[in-house]
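So the structure is just underneath, and the comments pick up after that.
All values below come from the heavy atoms of this structure, side chains included, with hydrogens, waters and symmetry mates left out. If you read the sequence from its start, that first residue is 1, and numbering goes on from there. Indexing begins at 1, ligand by ligand and atom by atom, following the structure's order.
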Amino acid sequence: VSNASVSLGAVYCIGRNYAQHAAELNNPVPSEPIVFMKSAAAIRGLSPQPMAFASEAYDHEVEVVLQIGKRCELGSAPGWEAISAITLGLDLTRREEQNRLKTLGLPWENAKNFAGSGVLAQWQPIQAFPQPDGIEFFLKVRGETRQQGNSKDMLFSVPTILRHLCARLALNSGDVIFTGTPPGVGKLRVGDPFEIGFVGGKAFAGQL
Ligand code: ZN
């Protein structure tokens, strides 16, 4: 699920990065990026694979996903030049479990980091995106459009996210960042066929 030359590193995810998505879950708009992580073992490709909690329905979150192409030192403020490839992914979420953990003030990992919870389409070189901060993208489930968004609507831009992360640690080639989901989250079940794609560009068929 990564460029042939790059192995998967750390997987960072940004929460509530679209105002309309924060609103649909009755969450306040954050004043700084909300960061959580998935393990490499949680990441899978588009074809069906065994999933943890496979009897559950998951909330789908389609997201623009970035691949770091070169090391970014602690304390640096990298921009788009640090990104080597872009794809789309699904951040699958056990929403009821997340709500339970939120109520208790506990971390979200049990709701976000489990086998199969991070789905990645094929990486596209950054050069394929003349305007990478205005990427329009969608998710269809069983042929029905569920989510559509544009990365220009991110609350925190890619350089802001990179600076926020690099204030805390170095980023390495192969690290990836899920950049948050636009509104329209809903349920996805094991066996559901879906399509994630760039509006006017490549689309990728998958099955949970
Ligand atoms: Zn997400």
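For the Zn ion (ligand 1), the neighbouring protein N/O/S atoms at less than 2.8 Å, given as residue and atom, are E61 OE1, E63 OE2, D91 OD2.
Of the N and O atoms on the side chains of H21 and R16, not one donor lies less than 3.5 Å from an acceptor on the other residue.
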Intermediate values then yes/no, ring-ring contact (aromatic ring centres under 6.0 Å, His included), F114 and Y58: CA-CA 12 Å; F114 54 88; Y58 308 95; 5.5 Å; yes
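In this structure, R94 is positioned above the aromatic face of F53, its NZ or CZ under 6.0 Å from the six-membered ring centre and within 45° of the axis.
Remark: side-chain polar atoms of T160 are not paired, donor with acceptor, to backbone N or O of F156 under 3.5 angstrom.
For Q98, the side chain to side chain contact (heavy atoms under 4.5 Å, CB included) partners two or more places apart in sequence, or in a different chain, are T93, R95, K102, W108, A111, K112.
Applying the 6.0 Å contact sphere to CD of E81 captures more than 12 heavy atoms from other residues, nucleotides or ligands.
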